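See below for the structure under consideration.
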Protein chains: 4
Amino acid sequence: MKINASIIGATGYTGLELVRLLHLHPNVEISSIVSRSNDNVSIQSLYPSLNAIPPISFEQLDIEKIAAKSDVVFSALPHKASMEIISQLNNFSVKIIDLSADFRFSNIETYEKFYCEHICKDISANAVYGLPEVFRDKIKDAKVIANPGCYPTSAILALYPILKEKIKISPNIIVDSKSGVTGAGRNPSLKTLFTEVYDNFSAYSVGKHRHQPEIEEKLTEIYNSPLKVTFTPHLLPINRGILSTLYIDTLDDSLSSDKLSQLYIDTYKNDYFVKIMPKGETPSTAYVKASNFCFIGFLYIPESKKLIVVSVIDNIVKGASGQAIQNMNILFGLPEHTGLTAIPTFL
Amino acid sequence: MKINASIIGATGYTGLELVRLLHLHPNVEISSIVSRSNDNVSIQSLYPSLNAIPPISFEQLDIEKIAAKSDVVFSALPHKASMEIISQLNNFSVKIIDLSADFRFSNIETYEKFYCEHICKDISANAVYGLPEVFRDKIKDAKVIANPGCYPTSAILALYPILKEKIKISPNIIVDSKSGVTGAGRNPSLKTLFTEVYDNFSAYSVGKHRHQPEIEEKLTEIYNSPLKVTFTPHLLPINRGILSTLYIDTLDDSLSSDKLSQLYIDTYKNDYFVKIMPKGETPSTAYVKASNFCFIGFLYIPESKKLIVVSVIDNIVKGASGQAIQNMNILFGLPEHTGLTAIPTFL
Amino acid sequence: MKINASIIGATGYTGLELVRLLHLHPNVEISSIVSRSNDNVSIQSLYPSLNAIPPISFEQLDIEKIAAKSDVVFSALPHKASMEIISQLNNFSVKIIDLSADFRFSNIETYEKFYCEHICKDISANAVYGLPEVFRDKIKDAKVIANPGCYPTSAILALYPILKEKIKISPNIIVDSKSGVTGAGRNPSLKTLFTEVYDNFSAYSVGKHRHQPEIEEKLTEIYNSPLKVTFTPHLLPINRGILSTLYIDTLDDSLSSDKLSQLYIDTYKNDYFVKIMPKGETPSTAYVKASNFCFIGFLYIPESKKLIVVSVIDNIVKGASGQAIQNMNILFGLPEHTGLTAIPTFL
Amino acid sequence: MKINASIIGATGYTGLELVRLLHLHPNVEISSIVSRSNDNVSIQSLYPSLNAIPPISFEQLDIEKIAAKSDVVFSALPHKASMEIISQLNNFSVKIIDLSADFRFSNIETYEKFYCEHICKDISANAVYGLPEVFRDKIKDAKVIANPGCYPTSAILALYPILKEKIKISPNIIVDSKSGVTGAGRNPSLKTLFTEVYDNFSAYSVGKHRHQPEIEEKLTEIYNSPLKVTFTPHLLPINRGILSTLYIDTLDDSLSSDKLSQLYIDTYKNDYFVKIMPKGETPSTAYVKASNFCFIGFLYIPESKKLIVVSVIDNIVKGASGQAIQNMNILFGLPEHTGLTAIPTFL
């Protein structure tokens with residue numbers, strides 16, 4: 001099978017990762033890459049590392065032309081810009097995988113509160129939240145896939161076994177997350193200058209990050225009962241990686257480390273990309289560097305019935321471009337890990 | 001006034017910082033530095049950066065001699081080794097500031113559970129926990145001062161206004177801390193090799209770090225009511241700095257951001273080293289780099305009555321050597337910031 | 001074709017990279033990994049990132065057994081230990097690729113001066129220096145391949161077009177190299193502790209690094225005329241990557257930037273892994289991160305006839321394990337880039 | 001003595017360092033800080049770390065007012081902007097220390113070739129190049145001091161003993177320099193984004209950096225005979241520090257390591273800030289971090305008569321703001337190290 005794939009908004013780091021990974025995907029042909037600002041130059045002029053492969057030139061956006069030569073289109077545009085394009089693309093038979101937040105919310109009011117007015121609510125209503133380990137069955141028939149946020153991916157995978165099993169927990173969950181700087185994109189800003197981030201560490205957007213409502217909505221949907229999330233993102237002075245530390249008050253007297261360990265292992269036993277740490281051990285971001293894997297470890301404290309879960313992903317692979325390709329594989333009936341077998345580089 | 005100061009166990013990073021700071025202290029003469037393993041060489045042979053000052057040679061340990069020529073002795077030895085020396089030193093009239101954990105615990109059973117058998121419980125019973133902002137009054141008359149752990153310093157200062165004011169809170173507090181690598185000392189180990197830590201981030205000792213009982217005991221003493229701490233330390237790929245993110249469930253309906261802001265400002269209004277961030281802003285570790293300052297910011301969420309507090313210190317200055325000198329200043333009636341006025345380097 | 005490959009001394013970073021890359025090589029089966037110190041545990045216990053693939057257990061060293069089940073053996077042992085094993089392995093029909101320095105020198109006296117007594121000079125006499133871009137023809141028939149050092153790889157590739165073309169140059173060449181810390185291996189030492197390397201930069205082994213005679217011998221052999229190298233290695237606070245800046249005094253009045261540009265492009269036009277930068281541009285180590293590529297740029301200054309060449313490689317891929325696999329591909333008649341097509345990760 | 005000091009262009013990192021260091025200088029009162037873009041806000045709003053000291057507000061530029069209340073004015077403006085202000089300031093009796101390149105060149109044509117048209121050549125003709133270890137005698141009577149560039153400071157101090165002693169050398173000198181990112185300033189740009197610099201290393205402006213003519217002119221003046229410099233700057237993924245590696249071909253048969261060692265020690269024996277490494281050892285940037293020191297080491301190779309010199313400075317202290325204060329001390333007859341005694345932080 002050959003899949004013709006296009007990427008719109010390919011100049012940022014998620015665009016780079018899409019090109020890097022799709023180029024070696026055995027079933028994919030990159031049919032076009034589109035940039036509003038870099039018409040006619042090659043992506044190699046932005047990323048000399050891509051000289052490892054033949055030149056690919058940016059094209060101007062021509063929806064009809066893109067649709068005609070693509071089986072799937074990845075949109076790596078910012079929110080708002082993305083739905084403007086997708087509202088047009090959706091008229092064609094092409095599959096759409098959107099890496100922005102535009103189609104992630106079931107509750108469109110939440111979206112509009114935290115982002116902006118939504119211009120194609122009908123598309124949003126039919127879009128599927130593309131977290132394969134949880135929503136695989138819906139993904140395979142989707143027309144538009146909303147690729148999850150990086151923080152939500154790390155948080156939801158960490159909690160999914162608990163929620164799926166309907167373990168009784170307090171509805172207040174703390175998600176203390178730490179992310180590498182690639183998550184902030186490639187636009188120059190004072191806050192992400194080398195000198196301001198290096199040898200430094202900080203929390204940011206405390207109490208007001210837009211991934212908080214996304215996490216909350218998805219956890220609630222999976223648990224089928226309201227859950228509240230206190231979410232604190234931090235900026236790590238590294239490039240790739242998110243580590244999320246979650247604190248859950250369990251309310252089930254029958255829980256134990258052994259039982260939880262079994263639950264985590266069982267839940268993910270058929271998932272290629274999720275690995276459970278041995279009991280009492282927690283993972284490092286290096287364990288997943290430059291790969292689509294997610295490692296999860298936990299500690300259960302019987303006296304307080306507190307559960308501490310630690311998950312790690314590479315924010316621009318499993319948290320963005322890799323997961324998008326995983327979704328593409330599902331859409332086209334390929335094994336989920338096709339083209340995504342790169343082993344974490346560790347160093 | 002001239003204070004003759006000696007340092008025992010001066011080869012590690014806290015030793016380096018003590019020498020670096022004491023050398024420029026206007027009232028201090030470094031009378032001797034002692035190392036069990038580096039007899040007769042100069043500290044400059046370990047730290048060429050100290051060639052900025054005249055050579056200081058390590059001496060062999062001779063308790064009587066040290067005591068005779070010192071007004072104050074800093075012990076930067078590991079726990080156990082420290083109390084072995086201090087049990088002897090205590091027979092002399094010299095003041096003692098211990099940077100190990102040996103004299104930090106009021107409850108000696110807690111110490112023995114988490115560390116080892118205690119060999120001089122009477123000294124411990126009279127030692128004072130050297131956190132000046134909280135225990136200043138007791139410090140000034142102490143014979144032996146137990147310099148606090150780095151994580152406890154960051155956690156207690158973050159919570160002190162709440163506890164002192166007896167704000168009603170849930171007794172379960174979450175302390176999610178992130179520390180630079182200098183906290184792990186200078187002994188070569190796989191876990192602190194550059195290659196293993198760089199471009200990486202991890203939690204460690206989850207649920208079993210020895211600073212957890214220290215934090216718990218001190219918070220409980222200050223609040224005068226039992227408090228439980230869930231403590232998760234993480235290893236940051238930076239040298240200096242601790243950022244602690246604390247999550248507290250408050251139970252007082254009259255709280256507000258304004259009220260808390262005032263409380264934090266009032267509590268620390270006479271403290272040279274503690275700075276409160278504007279409402280809703282949180283600090284970065286760079287704000288305190290290479291200084292004895294502590295910056296604190298918080299976010300109060302009225303809907304959930306959750307309080308998130310973020311504090312930063314330099315773990316080897318305010319979290320160790322700088323605080324030890326602050327304690328010395330109190331002991332000798334000097335202004336607390338004498339010799340500690342260095343402004344954070346930021347970069 | 002299926003190649004059975006074994007790795008001896010697989011616990012260090014070059015061992016990790018060999019496993020990481022060989023596991024995905026379409027023609028390779030890893031038949032055994034051997035460690036003197038980690039018998040019976042899996043390599044996953046050392047590198048949890050390898051949990052991305054099925055467990056592989058270390059075996060004890062049994063030369064006969066290894067030889068029986070291998071078509072090729074990679075030795076990632078330190079020098080001396082390596083030739084002790086290879087002197088035995090060489091009695092079997094297996095191909096041998098040695099990542100140590102033991103078989104790199106044509107002049108065995110140079111080896112013995114800089115390393116130690118050589119115990120199998122006959123094997124060394126027949127070993128081939130495994131730099132494919134230069135010695136491809138000899139490599140394909142070799143029994144024992146001496147995989148080049150990381151610094152020599154970066155220096156020789158930078159100069160090869162000049163030497164091959166016999167451009168007249170002064171016989172004194174300056175090689176100012178900067179390497180990431182993975183080159184120092186995984187044994188804990190003070191010099192490679194995170195705290196000592198981070199936010200720091202230094203030269204080391206100035207005037208006495210053992211790669212200097214290796215570079216000098218190979219440059220001289222290629223140029224067929226004596227060349228002297230002044231070599232200064234520096235330690236970069238990063239994990240992967242070597243950037244070498246070379247200074248050459250050319251003596252040919254007909255040289256020009258254009259001519260040199262054409263020469264570099266022509267020399268490497270059939271080499272998959274070598275990329276030449278546009279005139280006047282020089283590469284960054286990020287351009288080759290986690291890949292087997294080498295990027296080269298240069299500046300020619302007509303007034304002084306100085307030539308400055310800058311080359312970058314990933315020291316543990318093209319500078320070690322990746323190049324070893326490239327050599328294996330040549331030995332077995334496969335396209336050189338088989339299994340090595342990973343695109344640099346850039347971030 | 002009390003010196004009233006003003007800083008114009010105080011929003012960048014050199015401005016931060018001037019405030020940080022001058023605030024603690026025992027003889028200085030900061031009388032005003034001026035910013036074209038931040039009128040009426042405090043410098044603390046840009047650098048929260050400065051909350052360690054009382055607020056200082058930016059003022060609008062009013063030359064007359066500044067002159068009236070200042071004994072000395074530091075200009076931390078970019079080149080061109082700086083001479084525009086200084087051409088006016090020079091009419092008042094205030095001393096002027098300019099951190100830009102505007103007054104560094106003896107040969108104004110060189111300036112105009114590499115920078116822009118010069119608008120006050122007469123002032124430039126009387127300005128003194130403020131490298132105290134070399135030009136101390138001229139500095140003390142200057143009206144306008146041109147504070148040296150960071151790279152030139154590291155290169156000139158490394159060579160000064162050789163030049164001063166008129167050791168015979170080849171006129172072609174190679175200066176291979178590596179600098180931390182603070183040297184690039186605080187304006188957001190793609191090239192200095194964290195993600196683009198971290199875990200990366202590159203050369204830049206190869207063959208065309210504007211510090212090359214500055215180094216060349218000063219070396220030539222000191223040696224009183226033409227010298228040519230091949231200068232290659234590199235960008236280190238660290239904040240503070242320059243390490244320069246210099247390669248000199250000596251032509252004097254009587255040279256030896258011992259003789260050179262004595263020469264370096266003798267040359268700098270009265271210089272507080274210059275430290276010579278033991279024979280054969282070279283310094284790390286950590287040895288001078290956040291201080292005004294310069295450490296120099298060298299290796300002499302008798303066979304080739306090559307001399308390799310390695311020098312380190314903190315680029316924003318000895319390479320900018322610290323050296324500016326050192327110049328101020330000389331101007332006002334204070335001991336050179338007044339207010340600059342901070343010991344390198346090493347970590």
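Quick caveat: nothing in here was measured; it's all calculated off a predicted structure. Quick note on labels: first sequence line is chain A, next is B, and so on, each numbered from 1.
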Heavy-atom distance under 4.5 Å to chain B: side chain of [X], backbone, both or neither?
| X | result |
| --- | --- |
| D/Ile53 | side chain |
| D/Thr345 | both |
| D/Glu17 | side chain |
| D/Arg240 | side chain |
| D/Ala290 | side chain |

Within this structure, what is the [atom1]-[atom2] distance for the pair [X] and [Y], rounded to the nearest 0.5 Å?
| X | Y | atom1 | atom2 | answer |
| --- | --- | --- | --- | --- |
| D/Ser49 | B/Phe295 | OG | CZ | 7.0 Å |
| D/Leu347 | B/Arg20 | CG | CZ | 8.5 Å |
| B/Ile343 | D/Leu22 | CD1 | CG | 9.5 Å |
| B/Tyr13 | D/Phe346 | OH | CZ | 6.0 Å |

Item to check | Most contacts with chain B, counted as non-hydrogen pairs under 4.5 angstrom, among D/Leu21, D/Asn239, D/Val19 | outcome: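 Option with the top pair count is D/Asn239.
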
Item to check | chain D contact via B/Thr341 - side chain, backbone, both or neither, heavy atoms under 4.5 Å | outcome: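 For B/Thr341, the contact with chain D is made by backbone and side chain together.
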
Checklist entry - Is it the backbone or the side chain of B/Leu24 that comes under 4.5 Å from a heavy atom of chain D, or both, or neither? => result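 Answer is side chain: those atoms of B/Leu24 sit under 4.5 Å from chain D.
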
Checklist entry - With no hydrogens and no angle check, is any side-chain donor or acceptor of D/Tyr198 less than 3.5 Å from a backbone partner on B/Asp199? => result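 Answer holds: yes.
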
